[in-house]
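Only one structure is covered here, and it is reproduced in the block below.
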2 protein chains.
Amino acid sequence: MADIPTPAVTISAIAEEAGVSAPTVSRVLNGRGDVAPATRERIESLLRARGYRRRGSRGGEMVGLLDLVFNDLDSPWAVEIIRGVEDAAHAAGSGIVVSAIHRRESSTRQWLQNVRSRTSDGAILVTTDLDSSLRAELEELHMPSVVVDPVGVPDLAVPTIGATNWAGGLSATDYLISMGHRRIAFVAGRPELWCSRARLDGYRAGLETAGLNVDDDLVVPGEFDYESGFRAGERLFGLADPPTAVFSASDQMTLGVYEALRRRGLRVPADISVIGFDDLPEARWASPPLTTVRQPLAEMGRLAVHTVHRLARGEAIESPRVELATELVVRDSTAPVTVSSAE
Amino acid sequence: MADIPTPAVTISAIAEEAGVSAPTVSRVLNGRGDVAPATRERIESLLRARGYRRRGSRGGEMVGLLDLVFNDLDSPWAVEIIRGVEDAAHAAGSGIVVSAIHRRESSTRQWLQNVRSRTSDGAILVTTDLDSSLRAELEELHMPSVVVDPVGVPDLAVPTIGATNWAGGLSATDYLISMGHRRIAFVAGRPELWCSRARLDGYRAGLETAGLNVDDDLVVPGEFDYESGFRAGERLFGLADPPTAVFSASDQMTLGVYEALRRRGLRVPADISVIGFDDLPEARWASPPLTTVRQPLAEMGRLAVHTVHRLARGEAIESPRVELATELVVRDSTAPVTVSSAE
DNA sequence: CTGAAAGCGCTTACAG
DNA sequence: CTGAAAGCGCTTACAG
């Protein structure tokens, strides 16, 4: 949805439409107390409806600021995206405003409030849950936006950028099969996320193509974080017939699997092969360095910047949905299945 | 140095002082080409000298934006700071603009350029190298700033926030000594950084207090990153008389040490004890979970926000130099020295 | 609680 | 290359 340049929504335009004077609208905007509740309400809804945004004396130029919104900043995953976004934004002479909304309605309100008072050229939303209402508001603010790694099925109203999760799941599984593994476990990611589904389906497809059954005991739930990876590992290696390889849907969970293995005295990759997903710096730093499916997070961030900037300039974008390629990165956590572990 | 409210430096004030008209100054500010070089230069230096900042029609209010500047965004260390800053800034209704200047003069210029055109309430500089010239410019922009984890000896002109690095170095060393270790190695951080020196001195103090000699073979250089930690590990365990414990000045280097140990078939903590510094999330996720000196990075970020905000409001700050306490976090990478390794 | 008037900081044609 | 004039978007007293 490229923005058709609308007839500048100024304070006086709003005032006219509301049947009041400009100073009154100004008072509402600045939160001065002395406005009749009814008037205030009428003006406020009009401001929202028309997407009023404070602007300098100069017209509709870009302000050189892009909003980058996460649910949480507590994962190393987030930095990778920040890096790509920072890089591309600064190259384009723009700054990035980083926010975390913690999946809380209140934080989201506050962020919108903040955005409204300072203006920015667009928003990059990362795995945001509250798309529906949030996006409606952004629409009202006439703020171009793009979603990186969307939660649910992309609805095409907002452009999305992701990775080829299904293909990544497939390539990891294929690789393990090519090393002779037959009992391959999968530790899933947060089930409500679109990308988790795709990775799981890629894993299933890999097994089925090779004529292997999907053993439900070997598919365990996870939440993408270290703790759930650890729990998954405990469960998997407590099995009567444990797997010879584990593929988990995030690097962080894989580190949890490592620890579960260490506690049982099992060695990677001698006793068991392990593959992760993401290729965070942590994957290189793991001991042994982790074989993983690389997701080009920084590139996704860069592309997101170019996409919002296009939207902000009213240019067309190639496709509302882009998936960048994942790639298997082989390191030291995978090895051919051994006779002892395979039996 | 709190800002005394100066007589608003507006375009017309600059114009008058430069002996030109307001439109001419406006043209310079907007990079229009049609200004005589001499005029442009005169105006530009005046803009800098007077600390001209674009402001809305409303006066000297705060704009609700804080700049957070890193050299690089490639370490998990950075996110911890971002988290604290984001948290405190949003609580105060402010957004944060995150930049990476990559130690490059050009990126720094670009950032300053960017800041100049959009205005922000202040800057938080993290381990910035180019303090001298950069800070002079910020001073000119009348932009309050604080440095987190300063590179060199703090000069008191700008408030700084750090951690008790010396005490942290001491407590890690004391702890290892209390476990019976006598040959304790130290992997140092980037030598030009103030915090590296303090950690090293804390280590030395710990040894000396216990009546142990500092063995120069056991003090190896590092750069804070994984690779230098790995190299340090290789060197240390190639020694004729290797250490029974290693204390390294960052968690990232410690992960490199882990890998060097794994390659030699040495086990943590059975064969050797290891302590890190920082307590990044990575420390919890290491296998085995890492004993480390916690640095309250998020709190340092939060304090930085409160400090710039105070400066921005012209309030006094308690102390130009604050150090927050470090704390030893004991996990599974340390154990009493064993007879076999101690001999 | 609201508006008419004045004003502020800045920019945009226009003219030379 | 530069300025006088007009104008824009907004806010600030002031008056009722």
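Model, not experiment: these values are computed from the prediction. Below, read A as the first sequence line, B as the second, and so on, with proteins coming before strands; counting in each chain starts at 1. Side chains are part of it too, since the values below use all heavy atoms of this structure and drop only hydrogens, waters and symmetry mates.
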message = Using every non-hydrogen atom in the two residues, find where B:Val79 and A:Leu73 come nearest and quote the distance to one decimal.
response = CG1-O, 3.4 Å
query = With distance as the sole test, does A:Arg27 use its side chain to make a donor-acceptor pair with the main-chain N or O of A:Val35 at under 3.5 Å?
reply = no
task = Decide yes or no on side chain to side chain contact (heavy atoms under 4.5 Å, CB included) for A:Val20 and A:Val25, but give the supporting numbers first.
result = CA-CA 8 Å; A:Val20 297; A:Val25 177; 3.9 Å; yes
inquiry  = For a quick test of reading the model, state the closest non-hydrogen atom pair linking A:Cys195 to A:Asp149 and the distance between them.
reply    = CB-OD1, 3.8 Å
ask   = Which dot-bracket notation, 5' to 3', represents the base pairing of DNA chain C when pairs are defined as Watson-Crick or G-U with both distances under 3.5 Å, crossing pairs as [ ], and inter-strand pairs as |?
value = |||.||||||||.|||
query = What heavy-atom pair brings A:Pro296 and A:Ala163 nearest, and what distance separates the two atoms?
reply = CD-CB, 4.4 Å
query = So, is A:Ser26 near the phosphate of D:dT11, with a side-chain N or O under 4.0 Å from OP1 or OP2?
reply = yes
request  = Could you verify whether a donor N or O on one side chain and an acceptor N or O on the other, from A:His309 and A:Asp121, lie under 3.5 Å apart?
outcome  = no
Tabulate atom names and distances for all N/O pairs under 3.5 angstrom spanning the protein and nucleotides 1-4 of chain D.
{"from": "D:dT2", "atom 1": "OP1", "to": "B:Thr39", "atom 2": "OG1", "distance (Å)": "2.5"}
{"from": "D:dT2", "atom 1": "OP2", "to": "B:Ala36", "atom 2": "N", "distance (Å)": "2.8"}
{"from": "D:dT2", "atom 1": "OP2", "to": "B:Thr39", "atom 2": "OG1", "distance (Å)": "3.3"}
{"from": "D:dG3", "atom 1": "OP2", "to": "B:Ser21", "atom 2": "N", "distance (Å)": "3.1"}
{"from": "D:dG3", "atom 1": "OP2", "to": "B:Ser21", "atom 2": "OG", "distance (Å)": "3.1"}
{"from": "D:dG3", "atom 1": "OP2", "to": "B:Thr24", "atom 2": "OG1", "distance (Å)": "2.7"}
{"from": "D:dG3", "atom 1": "N7", "to": "B:Arg27", "atom 2": "NH2", "distance (Å)": "2.8"}
{"from": "D:dG3", "atom 1": "O6", "to": "B:Arg27", "atom 2": "NH1", "distance (Å)": "3.4"}

ask   = Can you list the residues that meet the side chain to side chain contact (heavy atoms under 4.5 Å, CB included) rule with B:His90, with sequence neighbours excluded?
value = A:Ser99, A:Trp111, B:Glu86
key: A:Thr160 and A:Val148: CA distance, side-chain angles, deciding distance, side chain to side chain contact (heavy atoms under 4.5 Å, CB included) verdict   = CA-CA 6 Å; A:Thr160 63; A:Val148 172; over 6 Å; no
